[in-house]
Amino acid sequence: MEPSKAYNPTEVEGKIYRLWEKGGFFAPEARQPRAGNPNKNKTFCIIMPPTNANGSLHAGHALVMTIEDIMTRYKRMQGFRALWLPGLDHAGFETQVVYEKKLEKEGRSRFKMTREELYKEISDFTENNKKNINSQVKKMGSSCDWSREKFTLDKDIVKIVYDTFEKLKNDGLVYKGKKIINWCSRHQTSLSDLETKDEERTDKFYYLKYGPFVIATARPETKFGDKYMVMHPKDKRYKNYKNGQKIELEWINGPITATIIKDQAIDMNFGTGVMTITPWHDAVDFEIAERHNLDKEQIIDFQGRLLPIAGEFAGMKILEARPKIIEKLQTKGLVEKIEENYKHIVKTCYKCNSLIEPQIKEQWFLKMKPLAEPAIKAIEKNQIKFIPEHYRKISLHWLKNIIDWNISRQIVWGIPMPAKFCEKCHAEFIDINDKITKCSKCDGLLIKETDTFDTWFSSSQWPFATLGFPNSKDYKTFYPTDVMETAGEIIFFWVARMIMLGLYITKKIPFKNVYLHGLVLDAKGQKMSKSKGNVINPLDLIEKFGTDALRMGLVVGNSPGTSLPLDENKIKGYRNFATKIWNASRFVLMNLKDYKTDKKIQLNARDKKLLENFQKTAKEITKKMDDFKFYIAGEKIYHYFWHTFCDKIIEESKKSLSSPKTRKSTQFMLLKILSGSLKILHPFMPFITEEIYQQLPRKNKKECIMIEEWPEN
RNA sequence: GGGCGGUUAGCUCAGUUGGUAGAGCGUCUCAUUUACACUGAGAAGGCCAUAGGUCCGAGUCCUAUACCGCCCACCA
C-alpha cells in the first residue's frame, strides 16, 4: 500500500468509478451468479426517482443516491440480479419556472416568444443539465445501470403515457370540464390542489351595506357581479326571507336585483350570517352556485385585471383597484366599517408565492375515486409495506378523501396532450398519432389542444414505463419493483399516484416497499433555502471530505421519515473514520508481506473466537439491512470496525504477530476480518473499500469488492 | 375542525416480540509519536414530558393531559 498515512478520496474516486463501469458491474446481467448462491434466481429492482434536469444535485438528491445505492449494492453482493434504473425528469412546470427566471435576468420574457422558440430553448437548457446532473450522480458513487437510463420525454415513455391517457378516456375516467381551478396569474397556468400552499396574510376587512344586509369581505374587487345573498336555512334572524325572493338594492355601479338563496354551507356564527357569492372566483361559492343552478360571471381576467363588468374599474389590476372601489363605496355610503388587521389564510402558488386566483376554466380532469379504490385495497391488505409505517395511514387517509385531479397545464414545457376539439361543436377527441382532422359528429375542423400534462401524470407511470410495459423482458423480470425510495414530502404528489396508475394499467402494485426519507436540514435544523443562504452543497462536502464520508454522514443516524440536520462536523467525523480504515488496512498489509493465500492455516482458539464474533456481528448487521435499518447497520459496522477491530483486535495482535507460534493464525484472522468488514462497509463507503480491496492478497485479482459475496455466513 | 408524528445524556438522535438505559458529537482527566493525533485509555452526565392503569416487571402496552412539529380541509 502507498506510504501515505491519510486516504485521499479525490485521487481515488474517479479511478474506482471507471473501474466499475469498465467491468460492467452495474447491469444486473453482467455477472454470472456464483455457484451455490441461494439468491441466483432472485431479482432486486429500484427505479430511481427521476432527477429534475433543471439545476444541480442538492443535499436531498445526495441522500436519495446514498440510500438507494446502499440497497442496491447490498442486494448485488448477496447475489441478487440487482437493477437500479436511473432517470431524469423534464419536470415540466418546475423547469419552466427555473427557465423563466433565467429569461427575466436576461431581460426577456416568455410571453414575447413563440411556443416553439420557448420549447426549443428549454429543451436545450435541459439537455445541458442532464449531462451535469449525471456526472454528479456518478460522483455520489451510484451503481445504477446507465445503459437503461430513461428520460421522461423519451419517445417510448411518451407513447406509454399517451396509451394510458387513451385508456382512461375510453374507461370514462378522463373528462374535460369547466370547473373552478387554481390559477396562477403570473405563471399563466392552472395548478393542482397539491401545488398551492396556504399563507397567512393581514389585510383589511370591509363590512359593506348590501341592501338590507351587511356583508363582509377582504376582496371587494370580486363583488361586482354578486347578485345572490346566501343564508343558512335554519338561521332564525332571516326566517322572513324566502329562498328565491328578489330584492332591489343599490350596489357599486348602480341598482341591481339580488336573489335570496338558502344554503347549509353558511356558517351562522360568522359575521352577520349572510354572504354574497362570486362563483367564478371562489371554490365554495362555485359549489353553492352549482347546487342552486345560479349564474356565474367572470370578474377578473386571466392576467389578474378587472373585466368590463367592473365599469370604470375595468382593466385595472385587482390590488390597484381595491382602494379605489372602497373609496367609491364610501362616497355612496355603502361602507359600514373597515377592520384594519384582518388575519386570514390565502392560497398562493407554491413556486412564486403570488396569490392564486380561482377561475373557471375548461380543463382535463381525472376521476380519482375509481382509481383510488384498488390502491386503498392493496394498502389495506398490506401488499405494500411503508417504511416508516405511519405513512400507511397518511396515504390511506388521503386516498379515501381524494378529489378529481386537474392534469392539464397551460405551459409549453411538457408532454403535449394528444387531444383535439371541434371548432364547431366542441366535441373532444384523443388523437395519439395526430391523424384525425375532421370532427366525426359535425364535420367541423379539429383544433389541437395546446395544454401539456401535469408532470406528475407522467411520473405516476414511471415504474412500469421505464421497464418497458407491457412486453419487454425487463418489465417481465423486474416488475413489480422491490423498493420505491423517495422523499416523504411527495407521498401524495407521486407515491400514491404511482400506486393508483400502476394498479390501473398493470393490475399489479408497482413496488412492494416504499421507503420514505425526511428532509435534509442545515446544521441548526433549519430548512435549507436560497433566500436564507444556508444551502449546503453536497459537492463541496465531497471535495472537502470525500464521497464516502458524506454518504456515512447522510445515512448513519438518519431513521426513515425523520428530518436530518446535516452538520459538517459529522461528515468530518466520517472522514476521520475513512482515515482509520485506511490505516488499519495499512497495518494489516504491512504485516502480511510473508503471507501466502493458498496455504492452509491452523487457527488458534483466540483467533477462532474472534472470527466467530465477527460472524455474529455480520449476522446482526445483515438483519438490520434486511429491515431497511441502514442507519443502525452503518453505525454498527462503524463501531465494530473502530472500537473492536482497531482498538482491541489489532492492538492485541501486535504481540501475537511477533511470536512465530501465533503469527500465521493472526495474519489469517486479521485479513479475514478486515476483508469481511470492508465488504460490509462497501455499500456505505464504496470507494475506499474498493481501493483497499484492490490491494489485498486474493486469489482472483480481477475481482472487485462490489461483486464480492456479502459475509453473512 | 380532521389526521399524523414527536417529547430519552449539554446537542442530534437510536432503543419492534415488555426484563437492570445506548450511539455519535461535545465536556473533563490521563497518555505524547504508536498502523492512524483525522490517535489511544478512562470519566462525568438521564425520576426516558406529566398523571393514572395493565403486569412479578413499562422508555417500550393502554387511557388522559400538556407542550412542539407536520399534513389535509375551511374561514364569506
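Labels below follow one simple rule: chain letters A, B, ... track the order of the sequence lines, proteins then strands, and each chain is numbered from 1.
- The side chain of A:N576 places an N or O atom within less than 4.0 Å of a non-bridging phosphate oxygen (OP1 or OP2) of B:U39.
- Distances were taken from every side-chain heavy atom of A:E635 (C-beta onward) to each of B:G5, B:G40, B:A23; the shortest belongs to B:A23.
- A sub-4.0 Å separation between OP1 or OP2 of B:A14 and a side-chain N or O of A:S559 is present.
- In secondary-structure terms, RNA chain B builds stems of at least 3 consecutive Watson-Crick or G-U pairs, each pair having both distances under 3.5 Å, at B:1-7 with B:66-72, B:10-13 with B:22-25, B:27-31 with B:39-43, B:49-53 with B:61-65.
- When the side-chain nitrogen and oxygen atoms of A:K636 are compared with OP1 and OP2 of B:A14, none of them lie within a distance under 4.0 Å.
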Got a list of side-chain donor-acceptor pairs under 3.5 Å for residues 637-644 of chain A, not counting sequence neighbours?
| residue | atom | partner | partner atom | Å |
| --- | --- | --- | --- | --- |
| A:H643 | ND1 | A:D647 | OD2 | 2.9 |

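- Taking the ring axis of A:Y342 as reference, the NZ or CZ atom of A:K204 does not stay both within 45° of it and closer than 6.0 Å to the ring centre.
- Between B:C36 and A:K5, a contact under 4.0 Å exists linking OP1 or OP2 to a side-chain N or O.
- Contacts of A:K512 classified as salt bridge (Lys or Arg N to Asp or Glu O under 4.0 Å), with partners at least two apart in sequence or in another chain: A:D482.
- In terms of phosphate contacts, A:Y631 brings a side-chain nitrogen or oxygen within less than 4.0 Å of OP1 or OP2 of B:G15.
- A donor N or O paired with an acceptor N or O is found under 3.5 Å between the base of B:A35 and the side-chain atoms of A:K654.
- Taking the charged nitrogens against the carboxylate oxygens, A:K654 and A:E651 do have a contact shorter than 4.0 Å, which makes a salt bridge.
- Going from atom CZ of A:F587 over to atom C1' of B:A35 covers 6 Å, rounded to whole Å.
- Cation-pi contact between A:K337 and A:Y207: present, with separation from the ring centre below 6.0 Å and deviation from the ring axis of at most 45°.
- OP1 or OP2 of B:C70 has not a single side-chain nitrogen or oxygen of A:H397 nearer than 4.0 Å.
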